[in-house]
Amino acid sequence: MPEAHALHRHARDQREALAGQVLSVTSPQGRFDAAPFDGHLLQDVQAWGKHLLYAFDDAPDVHVHLGLKGFFLRTDDLTLPARGGTRMRLAGERDAFSLIAPSRCEGLDAAARDELIAGLGPDPLRVGEAGREEAAERLAASRAAVGAALLDQSLWAGIGNAWRAELLFLAGIDPTRRVTVEEAALLWDLAVVHLRLGLEAGQVVSDASAPDERWVYKRPTCRRCGSPVKSWTLAGRVAWVCPVDQR
DNA sequence: CGGTCATGCTCAA
DNA sequence: TGAGCCTGACCGG
C-alpha cells in the first residue's frame with residue numbers, strides 16, 4: 001500500500017485530525033525518542049513522495065518512512081492503550097495515530113529535512129501539471145531503462161512497483177527500454193491523473209471505471225487482450241508486462 | 001502453525 | 001546482487 005497516493009492520504013488525514021493541536025507524543029516500543037516533540041504544537045503534516053514530514057513548534061521535524069511493512073492505526077478512543085510494538089503514537093484532542101513497523105521514524109533538523117527533500121524528484125501529487133516539463137526531461141535523460149528509472153525516487157518521487165506496472169501498461173511502453181521526452185510526459189500525465197484517483201480511493205486505481213481491477217500487476221493474463229503477462233525481476237522488483245500491448 | 005511473499009529501502013560485498 | 005528489516009496476509013500441511 002505505501003506508495004505516494006497512500007502517503008498523501010495519511011498526511012491529509014493526520015493534518016485534518018491533529019494539526020494546530022498540542023500533541024502527546026510517545027514511543028510505547030521505546031525505539032523512538034519522543035521527548036523533543038511531546039507537548040509541542042503540530043503545525044503541519046506533509047507528504048513528499050513516500051516520505052512523511054511533521055512540522056512542530058520549537059522542535060525538529062519528524063520524518064517517517066513506512067518502507068514495505070509500516071502502517072498507521074487510528075483511534076478516537078484516547079484511553080485505549082497503544083498496541084505492542086508501536087514506534088510512535090501521536091495523540092491530539094480527539095484522535096490518536098499509532099505508527100507500527102516503519103523503516104524510518106526520526107527527528108530531522110532543518111538542514112537534514114531540506115537535504116531529504118532536495119534529493120527527491122518531482123512528486124506527481126505535489127507539483128502536478130506544473131512540474132510536467134521538468135519531470136519529463138528528468139526521466140528521459142536517465143540512462144537506465146524506464147522500468148528502473150520510474151522506481152528511482154531522485155528522478156520522480158512516489159512511484160512504486162504497482163504504479164510502475166500499471167502506468168507503463170497505460171502508456172503502452174516496454175519497461176526494458178528508454179523513453180523519449182514525449183513518452184515521459186505521457187507517463188507523467190498518467191501518473192498525475194491516476195495517483196490523484198488513488199489518493200481519493202485509498203488504493204491503486206488504473207481504470208477509473210473499475211477501481212479494484214489491474215491491467216497487468218500480479219495478473220496471469222492481460223486484462224485488455226488476454227495475453228499471458230510476462231513477469232521477471234527488473235531493478236530488484238517483479239515487473240509485470242503485457243508483451244502485446246507494451247512495446 | 002511454519003514458510004513465503006510484499007505497493008520499500010539501505011547497506012555490505 | 002542479496003540479506004536484512006521483523007509485520008501482516010496468505011497458503012499448504
Side-chain angles (χ1 to χ4, degrees), chain A residues 1-13 27-32 47-53 63-74 82-89 97-106 108 112 115-121 123-125 144-170 175-176 187 190-207 210-220 223 229 231-241:
Chain A
M1 180 161 109
E3 297 186 52
H5 66 291
L7 275 299
H8 280 266
R9 194 176 171 93
H10 286 309
R12 184 174 69 184
D13 289 349
S27 178
Q29 180 197 48
R31 287 182 57 190
F32 167 65
W48 296 80
K50 299 170 189 170
H51 299 259
L52 277 180
L53 286 172
H63 169 222
V64 167
H65 196 292
L66 294 180
L68 192 56
K69 301 176 287 193
F71 59 97
F72 285 100
L73 296 176
R74 180 177 188 165
R83 61 172 269 177
T86 298
R87 184 78 59 88
M88 175 177 72
R89 181 174 180 273
F97 293 82
S98 287
L99 170 64
I100 321 285
S103 67
R104 285 289 182 88
C105 177
E106 61 194 356
L108 231 48
E115 188 179 349
L116 170 75
I117 293 171
L120 295 172
D123 175 343
L125 287 175
V146 64
L150 279 178
L151 296 182
D152 183 342
Q153 302 298 298
S154 72
L155 296 175
W156 289 7
I159 305 299
N161 200 30
W163 285 120
R164 171 177 78 167
E166 295 294 278
L167 294 173
L168 285 169
F169 175 86
L170 288 169
T176 61
L187 279 166
L190 289 166
V192 169
V193 168
H194 290 89
L195 266 68
R196 179 63 55 184
L197 293 173
L199 167 62
E200 300 308 330
Q203 63 179 22
V204 169
V205 177
S206 50
D207 179 350
D212 292 334
E213 298 293 333
R214 310 285 175 264
W215 293 109
V216 287
Y217 179 66
K218 286 189 176 175
R219 285 184 55 94
R223 187 170 154 251
V229 167
S231 65
W232 74 99
T233 299
L234 174 63
R237 315 299 303 280
V238 178
W240 308 82
V241 178

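Protein chains get the first letters and strands the later ones, always in sequence-line order, with residue 1 at the start of each. As the structure is a prediction and not an experimental result, all values here were calculated from the model.
Counting heavy atoms from C-beta on, the side chains of A/Glu213 and A/Arg219 come closer than 4.5 Å. Counting heavy atoms from C-beta outward, A/Leu99 and A/Thr86 have side chains that stay 4.5 Å or more apart. Side-chain contact check for A/Leu68 versus A/Pro2: every heavy-atom pair is 4.5 Å or farther apart. A/Val64 has its side chain within reach of A/Phe72: a pair of non-hydrogen atoms, C-beta onward, lies under 4.5 Å apart.
Comparing B/dC1 with C/dC6, their P atoms sit 23 Å apart, to the nearest whole Å. Taking the P atom of each, C/dG8 and B/dT10 are spaced 23 Å apart, rounded to whole Å. A gap of 22 Å separates the C1' atoms of C/dT1 and B/dT7, to the nearest Å. Nucleotides C/dC5 and B/dA13, compared at atom P, are 15 Å apart to the nearest Å.
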Could you run through nucleotides 8-13 of chain B and give me one letter per nucleotide, 5' to 3': B if any protein heavy atom sits under 4.0 Å from the base, S if only the sugar-phosphate is that close, - if neither?
BS----
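Of all nucleotides in DNA chain C, those with any atom nearer than 4.0 Å to a heavy atom of chain A start and finish, going 5' to 3', at C/dC5 to C/dG8.
Residue A/Arg214 is classed as having no contact, given no heavy-atom separation below 4.0 Å to the nucleic acid.
For the pair A/Leu234 and A/Pro175, the tightest heavy-atom approach, listed with the atom from each and the gap, is CD2-CB, 3.6 Å.
Applying the ring pair (Phe, Tyr, Trp, His ring centres under 6.0 Å) test to A/His63 and every residue at least two apart in sequence or in another chain returns A/His51.
Put simply, the side chain of A/Ser206 never gets that close to the backbone of A/Arg214: no donor and acceptor are under 3.5 Å apart.
Between A/Arg12 and A/Glu200 there is a salt bridge, since a side-chain N of the basic residue sits under 4.0 Å from a carboxylate O of the acidic one.
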